[in-house]
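Read the structure below first, then the notes.
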Amino acid sequence: MRKIIIAIDGYSACGKSTTAKEVARILGYRYIDSGAMYRAVTHHFLERHVALTNPKEVARALGEVSVQFHLSAKGDNETFLNGLNVEKKIRKMRISEHVSPVSALREVRVAMVEQQRKMGKEKGIVMDGRDIGTVVFPEAELKLFLTADMLTRAFRRQKELLEKGDLVDLDTILENLTVRDTIDSTRAESPLRKADDALGLDTSHITIDEQVDEVVRLALSRIIRPRAGRP
Ligand code: CDP
């Protein structure tokens, strides 16, 4: 069967990763969490105390970063930074609090986008993030843009963090999501926005299963029946 690229963009905690992961599993595709790459870079920059306003320091630190994904014994995608498993560390609030300014840097984006495009060369990939449909894979056969109301997103993120053993109060999460939404969608480099040909999906009142079913249905229709003008 012909393979496609599925790009899932949208705001934090709208269910992008959960949906992307499950859709990839059902289709036998590779799942790439592009946010994890920016989180890993942020982790490295914090460890090295990189001054974001110093281009030389940024370039040097960026040159030291190699991000990879490996499957755990349970079949989960885990993020490795320079050979070390940083999956747990990069999900912490400390990283969430610093990731958006790091991701707004042009040099960081250029380096990450290059790696992401390499990962999509063979197609058969589901990638989620902020600029996948607009910048990384503008030619993706299926593009989705997820939204959800702010309180739903904050509750979802709180539950997710709690499941990882992190108790964070709702106000802290609301503040972080709001700040990141603003930085991510107003930055000069690849701001978060819906691609013109992306399909919008409001996940506030639907379950993950419904979300996944809808995306798989759309994917299968694109795999079987390419859109006019597309190979
Ligand atoms: O999991 P959550 O939705 O909170 O965020 P994430 O997908 O892990 O992304 C973390 C941060 O990385 C975002 O707030 C963006 O600043 C940045 N990011 C980006 O700039 N471009 C992407 N393609 C993915 C993430």
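Ligands are counted one by one from 1 in listed order, and the atoms in each one are counted from 1 as well.
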Using only heavy-atom distances, determine whether the side chains of T134 and D131 contain a donor-acceptor pair under 3.5 Å. no
Might you list the protein residues in contact with ligand 1, defined as having a heavy atom under 4.0 Å from one of its atoms, sorted by chain and number? S12, A13, K16, S34, G35, Y38, R39, V99, S100, S103, R109, G129, R130, D131, I132, R157, R180, D184, R187
Going by the ring pair (Phe, Tyr, Trp, His ring centres under 6.0 Å) test, which pairs reach into residues 81-104, not counting sequence neighbours? none
Do D184 and R193 meet the salt-bridge criterion of a basic N to acidic O distance under 4.0 Å? no
Looking at CD of Q211 and OG1 of T203, how far apart are the two atoms once the value is rounded to the nearest 0.5 Å? 4.5 Å
Pair E114 + K118: basic N to acidic O under 4.0 Å: yes
Ignoring hydrogens and angles, state whether a donor on the side chain of S185 or R180 is under 3.5 Å from an acceptor on the partner side chain. no
